[in-house]
Amino acid sequence: AAEGRRATGAAATGDGRPAGVADVPSTGWLWGTALARVAVAVTVLPIVVATVRGVARGWVPVSENALFQILARDVFSDHPPLLGLASSASLITGTDVHHPGPLLFDLLAPPVVLFGGPGVAVGVGLINVAAVIGIAVFAWRRGGPLFVAGAMAVVSALLWSMGSELLYEPWNPHAILLSFLCFLVLVWCSAAGDPAALPFAAVAGSVALQTHLSYSLLVPVLGLWGVAALLVAARRAPPGSDLRRRLRRAGPLALAVLLLCWAQPLSQQLFGAGPGNLTALLDSSGESGR
């Protein structure tokens, strides 16, 4: 039966998991679950400790960081932000451009409303924790507890290299590093035949791309590669296969999530006064400055 399932790419695995998701052996399940949970807890703990310590020591957003509090607070106002921060690329291109979108401000808005200035640090810490958990969940789906432990080791090395303050600082080049790493894992899972990763990849990729222009090539190219690989696998699967059924469910959801994530930049582009930011970014992308 297992041979037949592999040949058709259709049915679920013996314990009910869909095809394309790793068949984690039941032997040692309790040990494997404990290993994965400990690995995740050890990885998340430095983020939590750094954030709590920073807030307890009186961290508040100052200088450019204060813009994150101001714009996050404006999310619930009559004039919510439609774009990201102004980009230093304006100095090179000679055209005023912003980072593509305000999704980071949207995510920071609830903790800023609840906690004021320290809510910026709380929000960034929560985003990083969510990224770690997302990596762990899909590492488990691909290969079980050992994959989770390996993934958490990689994440822990990144956290160690960043230092404690960058785990809750909102400065946009650093605040989305873990979100982008999560996006990479989700794209890999999509390419490997797991459509459930698509909606989450849409969110993680949008956060990275909207927050900083340095991801303007990486996110679209890698995202398209993951989707293309998944579509090829689905095309090769027979009609009525499990992969095709899951893709028909996850595909429209991922598209809806993507459109929701980009509703504000698209609104500014289509209905804002003057030239849209997306047009300005495209027009200035080939300029060398003057």
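Residue numbers count from 1 along this sequence. What you see is a predicted model; the values in this text were computed from it and never measured.
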Asker: Can you tell me how far CD1 of I176 sits from CD of Q210, rounded to the nearest 0.5 angstrom?
Answerer: 10.0 Å

Asker: Do any N or O atoms from the side chain of Q264 and from the backbone of D106 form a donor-acceptor pair under 3.5 angstrom?
Answerer: no

Asker: How long is the straight-line distance from CG of L217 back to OH of Y215, given to the nearest 0.5 Å?
Answerer: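 Rounded to the nearest 0.5 Å, the OH-CG separation comes to 13.0 Å.
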
Asker: I'd like to know if the side chain of N172 reaches the main chain of T211, judged simply by a donor and an acceptor atom lying under 3.5 Å from each other, with no hydrogens or angles considered.
Answerer: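 Flag set: sc N172 to bb T211 pair under 3.5 Å.
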
Asker: Would you check if the distance from the ring center of F200 to the ring center of F138 is below 6.0 Å?
Answerer: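 Yes, the ring centres sit under 6.0 Å apart.
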
Asker: Is a side-chain donor or acceptor of H99 paired with a backbone partner of S87 at a separation under 3.5 angstrom?
Answerer: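 Flag not set: sc H99 to bb S87 has no pair under 3.5 Å.
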
Asker: Any side-chain heavy atom of L108 within less than 4.5 Å of one from L71?
Answerer: no

Asker: Within the distance-only criterion (no hydrogens, no angle test), does the side chain of Q69 pair as donor or acceptor with the backbone N or O of V112 below 3.5 angstrom?
Answerer: no

Asker: Are E169 and V124 close enough that some pair of their side-chain heavy atoms sits under 4.5 Å apart?
Answerer: no

Asker: What orientation do W59 and Y168 show, parallel under 30°, tilted 30 to 60°, or perpendicular over 60°?
Answerer: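 Geometry flag for Y168 against W59: perpendicular rings.
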
Asker: Just by modelled atom types, is the I47 backbone N or O under 3.5 Å from a matching donor or acceptor in the T51 side chain?
Answerer: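 Here the side-chain-to-backbone pair exists.
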
Asker: Counting distance only, does the side-chain N/O of Q268 pair as donor-acceptor with the main-chain N or O of L82 below 3.5 Å?
Answerer: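 Between the backbone of L82 and the side chain of Q268 there is no qualifying donor-acceptor contact (under 3.5 Å).
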
Asker: I need the C189 SG to I135 CD1 distance, nearest 0.5 Å.
Answerer: 10.5 Å

Asker: Would you confirm whether N128, through its side chain, and L167, through its main-chain N or O, come within 3.5 Å as a donor-acceptor pair?
Answerer: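 Judged by distance alone, yes, a pair lies under 3.5 Å.
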
Asker: Donor-acceptor pair, S77 side chain versus H79 backbone, under 3.5 Å?
Answerer: yes

